[in-house]
Asker: 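A single structure is presented below for examination.
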Amino acid sequence: MARIVMKFGGTSMAGIERIRNVATRVKREWDAGNDVAVVVSAMSGETDRLVNFCREASPLYDPREYDVVVASGEQVTSGLLAIVLQAMGVPARSWLGWQLPIRTSDAHASARIGSIDTDRLAAAFANREVAVIPGFQGLTDDERITTLGRGGSDTSAVAVAAAMKADRCDIYTDVDGVYTTDPRIVPKARKLDKITYEEMLELASVGAKVLQTRSVGLAMKEKVRVQVLTSFEDKPGTLIVGEEEIEGNGMERQLITGIAYDRNEAKVTLVAVPDRPGAVATIFTPLANANINVDMIVQNVAHDSGNTDVTFTVPTAELTRALDVLDKARTDIGYEKVLSDSNVCKVSVVGVGMRSHAGVAATMFAALADRKINILAISTSEIKTSVLIDADFTELAVRVLHTAYGLDAPDTAAE
Ligand code: ASP
Ligand code: MG
């Protein structure tokens, strides 16, 4: 007997027929004698619909009331799943965020979970009852409803699993696992059996959006074993676990686990910045104060003139704001002109194997050079190397790197 949290995304909950399919899966786990808590998303499209209602009601809506509105999508699906389970003979009831409660910060629309009271869930399990919990929602200390930010049901599920010390947190979604790269770009991409938390975090943060990034960070911190799988077929998905569980594969372990790309960054170059101590601070301090996240940074060697060029990236959505901040700081920084380009893409190779192997970056640069793909900026972490390239070469770069690191599936007869 195990204790498991099952989480179903919006596609799995879209309509009563699909909710019946979900209930069948839940019943199977419950029949096996397991303690089962289910965390559900709203039906797909529903949260968008609710968000639009708020915007239509007033562009300057009160975020506390926004949360009341958008949290309702999950209330509907949790009640419906409980009804369907009961009709199948499985004792079940819904537990809304405020009824447990799930306490959060008061950052409405992007609240963080503080604690989950597990007494009622423990009592439900003791009665052999399935607990259905709407994801995405919680309650502040002064009893206002909150939501966790888009995609937040994943985080709810991991938090419930951590609080209940669950043996597993199964996240059912519309893909059947985590792939070495986007299968729409590389048909030879392979589904991974296992991936480490850290790798998953890096992949998620560079654009492979299978889970809400925050949920992966939480799973890593709380050591929750997460499995990503599909609710539409019976087959194992991808396990997200600690590195020690993967090391068993020893020498055979792939050096690189996956390749991700992110088109949501824009490149900014400040031409002819005076090359003196403190110059860089005059650029990045006002950007930080404006809450603009700078990612890759390149500073050129100084020209004879005593000036240098500084290139960096910001989220595309923040480009206009960033240019405005830089314009206002122009005399302070003392640059000659600003160039910007949003037709760029960040391509990253990720793998814990990078820690112990040299030459990973060199392979990347050589493979790209071979195809005449120019590198505009580079950044690295312990387990990731990223390059910025012209967005027109995204598909080519991802395909070439997938092959260069030996990630292509062996069976390519179908292609
Ligand atoms: N329903 C919410 C959303 O669409 C939360 C979730 O599904 O994870 O963002
Ligand atoms: Mg989701």
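Start at 1 and go down the list; that is how both ligands and their atoms are numbered.
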Asker: Just checking, is any N or O donor in the side chain of T155 or Q212 under 3.5 Å from an acceptor N or O on the other one?
Answerer: yes
Asker: Is there side-chain contact between D370 and V400, with at least one heavy-atom pair below 4.5 Å?
Answerer: no
Asker: Will you find, in the side chains of T269 and T311, an N or O donor that is under 3.5 Å from an N or O acceptor?
Answerer: yes
Asker: Less than 3.5 Å between some nitrogen or oxygen of G151 and one of ligand 1, yes or no?
Answerer: yes
Asker: Report yes if the side chains of V26 and F8 come closer than 4.5 Å at any heavy-atom pair, otherwise no.
Answerer: yes
Asker: Which ring-ring contact (aromatic ring centres under 6.0 Å, His included) pairs, counting each pair once, include a residue from residues 86-105, with sequence neighbours left out?
Answerer: none
Asker: Give the residue, atom name and distance (to 0.1 Å) of the protein heavy atom nearest atom 7 (O) of ligand 1.
Answerer: S41 OG, 2.8 Å
Asker: Do any nitrogen or oxygen atoms of K7 come within less than 3.5 Å of a nitrogen or oxygen of ligand 1?
Answerer: no
Asker: Report the member of R150, E74, M13 with the shortest heavy-atom distance to atom 5 (C) of ligand 1.
Answerer: E74
Asker: Polar contacts were defined as any N/O atom of the residue lying under 3.5 Å from an N/O atom of the ligand; does this apply to T47 and ligand 1?
Answerer: yes
Asker: Using heavy atoms and a threshold below 4.0 Å, how should the contact between Q212 and ligand 1 be classified: side chain, backbone, both, or neither?
Answerer: neither
Asker: Report the nearest protein non-hydrogen atom to atom 6 (C) of ligand 1: residue, atom name, distance rounded to 0.1 Å.
Answerer: S153 OG, 3.3 Å
Asker: Rounded to the nearest 0.5 Å, how far apart are CZ of R225 and CD1 of I4?
Answerer: 12.5 Å
Asker: Please confirm whether G152 comes under 4.0 Å of ligand 1, counting heavy atoms of the residue only.
Answerer: yes
